[in-house]
Amino acid sequence: MATFFSELVQFQGLAQMILVLGIGGSFPYGFHISVINYPSVHIRKFINETWIERHGSPLHPETIMLLWSFIVSVYGVGGLLGSLCCGYLTTRYRKKKCQMCTNLIMLIAALFMAFSKTAKSFEMILVGRFLYGIGTGFSLTIHPQYVGEISPKKLRGFTNSTVAVFLTLGKFMGQVIGLRDILGSEALWPWLLASSGISALVQLAALPFFPDSPSYLLIQKGNEEACRKAIRKLWGEGDHQAEIDDIMKEKVAMTSMKTLRVLELIKERSLRWQLYILIIVMATLQLCGINAIYFYSFEVFHTAKFEEYLIPYVSLGVGLCECLSSILCSTLIDRFGRKVLLWGGYTLMCSVLALLTMTLSLQHQFFWMHYFSVILIFLFVTFYGIGPSGATISVMVEIFSQSFRPSAFLIVGCINWMGLFVLGMIFPLVVDNLGPFCFLIFLGILAFSAIFIYLYLPETKGKSIMEIKAEFNKLNFGKKESSVTDSNFPKEQLSSTKF
């Protein structure tokens, strides 16, 4: 642990850039997931009052609920659109410039939110929410790639896992400032929704002072001097020649590769198992049951006889627990590796869900079961934060070389945003029909993923991109691995990640 923090001091430029990227990267995504629930009553009331003022008659409650659902779900539509456009634009205009443009979109969205009540327009909330979705669709795609490319090999797991740290920090901050005592009141809810603009403003002001990633400067720009300058700024003075040599090897390998479009990436045999791993870990992150846990936590806290005014603060404790465990994951990932944290986390979460299904089923027969359920909720969130939450991002970044990453993350974006939409549609129905037994579905998914990752994911800790590629070639080509090289790719260079 002491060695870890001493390295952070040495790489203080890197630490500063991680902070700047996180504030405007995954932080807003986590913030918007949690914050939208707090002003829901106030926004529905505002929609009805605005309609009465315009037309002289109130809206039907079902129509109000439909408009509210549209406001919530349009965020996912914007996110999907942003992630679909991101791959092509970052390849053409570079990640740093695209991220700064994303901040402008977020600031415009914040202005729509801030003045929606003054303008007496609930349509402005709809537009602002859509723009927030586009912005987070971009930033959630750019952030993992950018932060993965600026780190040295020995700290790559830590830097990649900070994506999850800032995401959970965003969720926690949304819970904090969404409290009625802060910005969750009827008078201040527009400023609650607009407060996300602060993180965009901070990143917009700070990011120009940091360089593009060393691998981008050397591989795509061919500027070795700019690459060395960026390394010195981020990693400090010292002998970093081994890292530069690894980037050079990747550049040489990429001279015989083309930048694949999404459909080409899916068809490419040398990337088959990387795609399997990508889809499994991303789908499991969506379907592991973390949303169900948050949903059931309110019911468990009620039945455990917590005072009504205390429940938001107990729920805040669950969010803090996830945030702290994600921070712990970032310090453990380079010691234990990604594979262990993934399959170990899945296994522990699986065990907790089995116990939680039992305690929720028996909570009306034994009074002490309520308190056991509360403990299990905190345990599940802890295991999620230490394992899949941080390790998933690291694996997704490390198993693809720079030329394939934009298209791979376009697929990640589609899975993420469509997963959010599908969960939002079917999860209430599943809960209504299965009750606490809905956890058995997530238990089955976690058990399958734990076995799959244990059997097939090569450990990526401390390995270069080319070493990881060689490990996957054994899966992709079997015994033919030694005879398969990158020369199979046509010697052309494309700059598109469109379908």
Side-chain angles (χ1 to χ4, degrees), residues 33-34 37 40 168 171-172 175 280-281 283-326 341-389 392 419-454:
I33 284 177
S34 65
N37 296 314
S40 61
T168 55
K171 288 168 69 174
F172 177 67
Q175 290 175 309
I280 289 294
V281 297
T284 307
L285 196 67
Q286 287 285 357
L287 302 173
C288 66
I290 188 67
N291 295 316
I293 288 291
Y294 274 104
F295 178 86
Y296 258 99
S297 63
F298 286 91
E299 180 184 327
V300 170
F301 298 152
H302 273 293
T303 55
K305 308 300 181 186
F306 283 102
E307 294 290 340
E308 190 70 29
Y309 74 93
L310 284 177
I311 288 178
Y313 296 96
V314 179
S315 300
L316 196 64
V318 177
L320 179 60
C321 182
E322 183 183 348
C323 186
L324 293 176
S325 58
S326 294
L341 291 184
L342 275 177
W343 74 261
Y346 292 156
T347 304
L348 291 171
M349 290 162 68
C350 199
S351 304
V352 172
L353 286 184
L355 291 172
L356 189 60
T357 303
M358 182 181 69
T359 58
L360 289 175
S361 302
L362 300 175
Q363 63 182 353
H364 299 297
Q365 298 180 34
F366 305 98
F367 76 93
W368 50 268
M369 282 290 184
H370 305 311
Y371 305 104
F372 195 27
S373 297
V374 171
I375 294 170
L376 289 173
I377 285 172
F378 277 91
L379 278 177
F380 185 89
V381 170
T382 300
F383 294 147
Y384 170 79
I386 293 175
S389 178
T392 298
L420 279 177
F421 177 77
V422 171
L423 276 176
M425 293 294 291
I426 68 170
F427 179 66
L429 297 174
V430 172
V431 172
D432 286 343
N433 286 283
L434 296 180
F437 293 102
C438 70
F439 290 119
L440 295 178
I441 298 173
F442 305 120
L443 187 153
I445 293 169
L446 285 167
F448 170 79
S449 299
I451 294 169
F452 186 90
I453 293 300
Y454 180 80

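Here the structure is a predicted model, which means the values were calculated and not measured.
In terms of heavy atoms, S449 sits closest to T284 at OG-OG1, 2.6 Å. Taking all atoms of both residues into account, the shortest heavy-atom contact from Y346 to P388 is CE2-CG, 3.4 Å. Taking each heavy atom of F452 and I280 in turn, the nearest pair found is CE2-CG1, 3.9 Å.
C288 places a side-chain heavy atom less than 4.5 Å from the side chain of Y384. Residues M369 and S361 form no side-chain contact, since every pair of their non-hydrogen atoms from C-beta on lies 4.5 Å or further apart. Side-chain atoms of L356 and S373, non-hydrogen and from C-beta on, do get closer than 4.5 Å to each other. Side-chain contact check for K171 versus C323: every heavy-atom pair is 4.5 Å or farther apart. Annotation: side chain of S389 is in contact with side chain of T168 (closest heavy-atom distance under 4.5 Å).
Rounding to the nearest 0.5 Å places CG of L360 at 10.0 Å from CG of L353. To the nearest 0.5 Å, atom OG of residue S34 and atom CZ of residue F172 are 10.5 Å apart. Annotation: the span from E322 atom CD to I386 atom CD1 amounts to 11.5 Å, rounded to 0.5 Å. Here the CG-CG distance, from L376 to L355, works out to 5.5 Å after rounding to the nearest 0.5 Å. The CG atom of L342 sits 10.5 Å away from the OG1 atom of T347 when rounded to the nearest 0.5 Å. Atom-to-atom distance recorded for L348:CG and L446:CG is 10.5 Å, nearest 0.5 angstrom.
The environment of CZ in F383 is crowded: more than 12 heavy-atom neighbours from other residues, nucleotides or ligands sit within 6.0 Å. Within 6.0 Å of atom CZ in F378, more than 12 heavy atoms from other residues, nucleotides or ligands are found, so the atom counts as buried in its surroundings.
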Assess whether side chain to side chain contact (heavy atoms under 4.5 Å, CB included) is satisfied between L443 and T357, documenting all intermediate values. CA-CA 10 Å; L443 187 153; T357 303; 5.5 Å; no
